[in-house]
Amino acid sequence: MTPEEQLELFTRNCVGLETREELLEKLRLGRPLRIKYGADPSAPDLHLGHSVPIRKLQQFQELGHQVVFIIGDFTGLIGDPSGRSKTRPMLTEDEIMVNAETYAQQVGKLLDVGKCEIRYNSEWFAPMSASAMLEIAGHYTVARMLERDDFSLRLRDGIPITILETLYPLIQGYDSVAVEADVEIGGNDQLFNLLVGRDIMRAYGMTPQVVMTWPLLVGTDGTEKMSKSLGNYIGITELPTEMYGKLMSIPDELMPDYYHLLLDKSRTEVKALQADIETGKLHPRQAKANLARAIVASYHSETAAQEAAEEFDRVFTQREKPSELQEIALAAGELSGGTIGIVELVLKAGFARSKGEARRLIRQGGVKLQDQVVSDEMARVAVSEGAVLQVGKRRFGQITIT
RNA sequence: GCAGGGGUGCCCGAGCGGUCAAAGGGAGCAGACUGUAAAUCUGCCGGCGAAUGCCUACGGGGGUUCAAAUCCUCCCCCCUGCACCA
């Protein structure tokens, strides 16, 4: 690929780019570039939001560039203030090591970890003298640090900002000096930190890294950015059926974003897709199914994605039972005359957390036994081996009597 | 340390002596519809009970009252302003 073609590919869908010219220049050097990506060791559960920059790394890697993964074991002790309104809790060293390991494992789903250079930033920071550390701090001003939104808002609202936190971007920036990064990429929330890296590199007499960022992926709720704590995330290690189902549950409006950021489709490709939907050539449901399938396939396999799609159609479109049913084990002693109270059965199956909840489900017509709606909460129902209990649209269980 | 403002159900947030299991929103769940676990609409949404009902719950303890989320008191925690120390 020519440098120009690479430029087009790498910068596709990115929001922050400092600078295009510099990137092209570096690509023209004809040597593998060193692409830095910083991993936050506090979040070992990677989701599709994290996958956006990681997929970019994959592209760089495939074209022969060197991915440099920085595990921020040292910086993890500080806690990144990005996008936070509160000071983050610090992690212990043990926690960080465990997290880092899990991290590498998950990243392996997308990248060839063996070809990555994995570095822990304690490597250069742990032995660093206090004076060297202070020297780094001498390269940045308070005024510039306060330009950052997180900080200026917190300052305005009287929320404390520790000096430690202001040091974070500098430390992260120094990582770029240590690994001689050509390019650093990340989510758009990292833009400030990455730009500081450029300044720090300059201060140490190096050619500043090129900075590229991508938009933060919106979660399944359609409003907030994807995050584990908001519960609107799709983990990259989730089962194919779960992943597929969650993807089918995203609001339609999110589809273009997901096509862009998760499948790296270009603007024109997505526009064409949207046009097809509008003209009725492509059913929106089909567009979403294609999306879900492609994404699931990238983490599992074509066949797994195919199966997940079929399973989904079976259960939700055709309203049939899933191919595998959860087991509801009943002891013969729990039955009298072969019957059991319906409330008790729902509870026993684990489909309700309390009797009240079970009653509610029954009253609302959400409970079926052998395809028959049971709406009387007082009912005693006859159960036999293999009978199927359904609660809502997605929960199924098959009775076994022991 | 002083002064002021707060701590309410999964989350946000109203209530400020009885009619409060506590408005409203969000999340969640169910039903209808559908193109899906989209959107929309409807309903539910502390526990136990067949039920009148009982129990638990408004930061924690104690108290006043026939009656407290609501009043008093002590304690803990958070925020704001001021002061103090370096």
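Scope of the values below: all heavy atoms of this structure, side chains included, with no hydrogens, waters or symmetry mates. A, B, ... follow the sequence lines: proteins, then strands. Residue 1 opens every chain.
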Q. Between A:Ile171 and A:Ile136, is any pair of side-chain heavy atoms under 4.5 Å apart?
A. no

Q: Rounded to whole angstrom, note down the P distance from B:rC16 over to B:rA32.
A: 41 Å

(Q) How close do A:Val107 and A:Val113 get, counting heavy atoms only, and between which atoms? (A) C-CG2, 4.3 Å

Q: Ignoring the backbone of A:Lys393, work out which of B:rC48, B:rU36, B:rG31 is nearest its side chain.
A: B:rG31

**Q.** Distance in angstrom units between A:Asp221 CG and B:rC12 P, rounded
**A.** 17 Å

Q: Could you state the atom-to-atom distance from CD of A:Gln286 to C1' of B:rU34 in whole Å?
A: 16 Å

**Q.** Minimum-distance nucleotide (side-chain atoms of A:Ser354 versus B:rC48, B:rA30, B:rA38)
**A.** B:rC48

Q | Ionic contact status for A:Glu25 with A:Arg28, cut-off 4.0 Å | A | no

Q.
Can you identify which nucleotide, out of B:rC33, B:rC29, B:rG47, has its nearest atom closest to the A:Arg319 side chain?
A. B:rC33

Q: For B:rU64 and B:rA68, measure between their P atoms and round to the nearest Å.
A: 11 Å

**Q.** pair A:Phe351-A:Val367: side-chain heavy atoms closer than 4.5 Å
**A.** no

Q: Please state how far atom CD in A:Glu357 lies from atom P in B:rC29, giving the value in whole angstrom units.
A: 10 Å

Q.
For the residue pair A:Lys56 / A:Gln59, report whether a side-chain donor-acceptor contact shorter than 3.5 Å exists.
A. yes

Q: Name the closest nucleotide to the A:Gln364 side chain, picking from B:rU36, B:rA50, B:rC29.
A: B:rC29

Q. Rounding to the closest angstrom, what is the interatomic distance between B:rC45 and B:rG31 at atom C1'?
A. 14 Å

Q | Between B:rA69 and B:rU19 - C1' atom distance, rounded Å | A | 16 Å

Q) For B:rA57, which nucleotide is its Watson-Crick or G-U wobble mate, given both distances must be under 3.5 Å? A) none

Q. B:rA37, B:rU36, B:rC29: which one has an atom nearest the side-chain heavy atoms of A:Arg395?
A. B:rC29

(Q) For the C1' atoms, the ones on B:rU8 and on B:rA21, what distance do you get once it is rounded to whole angstrom? (A) 12 Å

Q: Please give the nucleotide sitting opposite B:rC41 as a Watson-Crick or G-U wobble pair, both distances under 3.5 Å, or none.
A: B:rG31

Q.
Counting only side-chain nitrogens and oxygens, does A:Ser249 get under 4.0 Å of the OP1 or OP2 atom of B:rA38?
A. no

Q: Specify the separation, in whole Å, of atom CZ of A:Arg363 and atom P of B:rG31.
A: 15 Å

Q) When you check the side-chain N and O atoms of A:Gln306 and A:Glu310, is any donor under 3.5 Å from an acceptor? A) yes

Q) Whole Å only: how far is the CG atom of A:Leu254 from the P atom of B:rA37? A) 18 Å

Q) Taking the same atom, P, in B:rG26 and in B:rC20, what whole-Å distance lies between them? A) 23 Å

Q. Between A:Ser176 and A:Gln209, does a side-chain hydrogen bond (donor to acceptor under 3.5 Å, both in side chains) hold up when you go through it step by step?
A. CA-CA 8 Å; A:Ser176 297; A:Gln209 62 186 0; 2.8 Å; yes

Q. How many Å lie between OH on A:Tyr233 and C1' on B:rA27, as a whole number?
A. 16 Å

Q: Give none if B:rA14 has no partner; otherwise give the nucleotide forming a Watson-Crick or G-U wobble pair with it, both distances under 3.5 Å.
A: none

Q.
In this structure, how many angstroms lie between the P atom of B:rC54 and the NZ atom of A:Lys355, rounded?
A. 20 Å

Q: Look at the side-chain N and O atoms of A:Arg359 and state whether any lies under 4.0 Å from the OP1 or OP2 oxygen of B:rG49.
A: yes

Q) Rounding to the closest angstrom, what is the interatomic distance between B:rC71 and B:rG7 at atom P? A) 11 Å

Q: Please work out if A:Gly392 contacts a base, only the sugar-phosphate, or nothing of the nucleic acid, heavy-atom cut-off 4.0 Å.
A: sugar-phosphate

Q: Report yes if a side-chain nitrogen or oxygen of A:Arg360 is closer than 4.0 Å to either non-bridging phosphate oxygen (OP1 or OP2) of B:rG31; otherwise report no.
A: no

(Q) On RNA chain B, compare the nucleotides closest to A:Pro284 and A:Val391; which residue's is nearer the 5' end? (A) A:Val391

(Q) Going by purine N1 to pyrimidine N3 plus the second Watson-Crick contact, or the G-U wobble pair, all under 3.5 Å, which nucleotide sits opposite B:rA3? (A) B:rU80

Q) A:Glu344 has an atom CD; how far is it from atom P of B:rC48, in whole Å? A) 13 Å

Q: Provide the distance between the two C1' atoms, one in B:rG43 and one in B:rG62, to the nearest whole Å.
A: 43 Å

Q: Compute whether any side-chain donor of one residue and acceptor of the other, for A:Gln190 and A:Thr213, lie under 3.5 angstrom apart.
A: no

Q. For A:Lys288 and B:rG35, is the shortest distance between a side-chain N/O and OP1 or OP2 below 4.0 Å?
A. no

Q) Given that A:His283 and A:Lys368 both sit by RNA chain B, which one's nearest nucleotide is further toward the 5' end? A) A:Lys368

Q. With a 4.0 Å cut-off on heavy atoms, is A:Thr220 in touch with a base, just the backbone sugar-phosphate, or nothing at all?
A. nothing

Q. Whom does B:rA51 pair with, Watson-Crick or G-U wobble, provided both distances fall under 3.5 Å?
A. none

(Q) Both distances below 3.5 Å, Watson-Crick or wobble geometry, any strand: find the nucleotide opposite B:rG9. (A) none

